[in-house]
Amino acid sequence: MAIKHFLQFNDLNREELEYVFERARWIKSQFKAYQQYWPLQDRTLVMIFEKASTRTRLSFEAGMQQLGGSAIYLNTRDSQLGRGEPVEDAAQVISRMSDIVMIRTYEQEIIERFAANSRVPVVNGLTNEYHPCQILADIFTFIEHRGPIQGKTVAWIGDSNNVCNTWLQAAEVLDFNVHVSTPPGYEVEAERANLYGNDHYEEFADPMEAARNAHLVTTDVWTSMGFEAENEERMVDFADWQVDGDMMKVAAKDALFMHCLPAHRGEEVAAEVIDGAQSVVWDEAENRLHVQKALMEYLLLGRVK
Ligand code: CP
Ligand code: NVA
């Protein structure tokens, strides 16, 4: 059987995504009912972190344990990865000792090279270009609250970063629209986002116009990990791209607010929004656990029903 990786969102097609969401729903319900479900007994997940994390580490590690398996955490600081061992060699070795690998790193190229030399499935836990597990959780959260996302409009306010690129890919696979507003100079790079075309997103100079009538308003930090040197300049450039109460007012009446977290209140989002009634950020964070359990089950066992 060919190994299946999840390196970018469009590595799964619509049918597969619908299956994963359905499994996530069931796995979540079992978990909430304290029902033991150990399909990955004796399986080992290796998690490699070259950048910081709270949610991704916790959800993968707890998730693997809850499925009956175990998880091993490696970081660049205290493994040979930080001392120049070629990624291809690391992939050969790590994938002989484990059943599935999750990587959080810098350039997408690194994870692609790892996957090309891996004997086991590789999952992207965030790269400079993409954050597919995040959008899996976000869309699952949208569906839980509002039903199918097909035909809906998502407003992305802020940086056209890894999370934005992944929303754009997801829009193509699941057939919804993204209205993007970034400051000048930070526009979507379609090639970097690896899109099939440009018919599922529209760019707006004015963030209020992007948010208008949207069913979901979402944003992320102005400065992503790895771009810290640009922080001061970005604080100035992004000052008008804060999701605040006025912006939520022009969105659809029942619009949701999401943020992958960690958030900076008073920068990309006002406290009244992230802590307000339309915000579903805690469900969104929790759902990382459930969708990633479903994802690991799918990548390791295929369809179980
Ligand atoms: N959203 C997210 O990936 O959070 P962490 O950086 O804490 O893993
Ligand atoms: N865009 C952010 C997401 C953090 C989860 C980053 O890459 O730092």
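Note that ligands are numbered from 1 as they come in the structure, with each ligand's atoms numbered from 1 the same way.
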For Leu261, the ligand 2 atoms whose distance to one of its heavy atoms is below 4.0 Å: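 Near Leu261, the atoms of ligand 2 are 5 (C).
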
Criterion side chain to side chain contact (heavy atoms under 4.5 Å, CB included) against His131, the qualifying member of Asn165, Asp220, Thr56: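 By the side chain to side chain contact (heavy atoms under 4.5 Å, CB included) criterion, His131 pairs with just one of Asn165, Asp220, Thr56: Thr56.
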
What about the rings of [X] and [Y], do their centers lie closer together than 6.0 Å?
X: Trp26; Y: Tyr37; value: yes
X: Phe31; Y: His290; value: yes
X: Phe6; Y: Tyr298; value: no

What is the closest protein heavy atom to [atom], and at what distance does it sit?
atom: atom 8 (O) of ligand 2; value: Met225 N, 2.8 Å
atom: atom 3 (C) of ligand 2; value: Asp220 OD2, 3.6 Å
atom: atom 7 (O) of ligand 2; value: Asn162 ND2, 2.8 Å
atom: atom 4 (C) of ligand 2; value: Leu126 CD1, 3.8 Å

Ion pair Glu22/Arg25, N-O distance below 4.0 Å: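 Not counted as a salt bridge, because no side-chain N and carboxylate O are separated by less than 4.0 Å.
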
Cationic tip of Arg57 above Phe49 ring, under 6.0 Å, 45° of axis: no

Proximal protein residues to ligand 1, non-hydrogen atoms under 4.0 angstrom: Ser53, Thr54, Arg55, Thr56, Arg104, His131, Gln134, Cys260, Leu261, Arg288

Ligand 2 contacted by Thr56 (non-hydrogen, < 4.0 Å): no

Please tabulate, one pair per line, all N/O donor-acceptor pairs under 3.5 Å involving side-chain atoms of residues 118-128, not counting sequence neighbours.
| unit_1 | atom_1 | unit_2 | atom_2 | d |
| --- | --- | --- | --- | --- |
| Ser118 | OG | Val120 | N | 3.0 |
| Ser118 | OG | Val120 | O | 2.7 |
| Asn124 | OD1 | Leu126 | N | 2.6 |
| Asn124 | OD1 | Thr127 | N | 3.4 |
| Asn124 | ND2 | Leu7 | O | 2.9 |
| Asn124 | ND2 | Gln108 | OE1 | 3.2 |
| Asn124 | ND2 | Thr127 | OG1 | 3.4 |
| Thr127 | OG1 | Gln108 | OE1 | 2.8 |
| Thr127 | OG1 | Glu129 | N | 3.4 |
| Thr127 | OG1 | Tyr130 | N | 3.0 |
| Thr127 | OG1 | Tyr130 | O | 3.3 |
| Asn128 | OD1 | Lys51 | NZ | 2.7 |

Minimum-distance pair of heavy atoms, taken over all atoms of Met248 and Gln278: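 That would be CE-NE2, 3.7 Å.
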
Minimum non-hydrogen distance to atom 6 (C) of ligand 2, winning option of Gly125, Gly158, Ser224: Ser224

No-hydrogen, no-angle side-chain donor-acceptor test under 3.5 Å, Asn231 and Thr223: yes

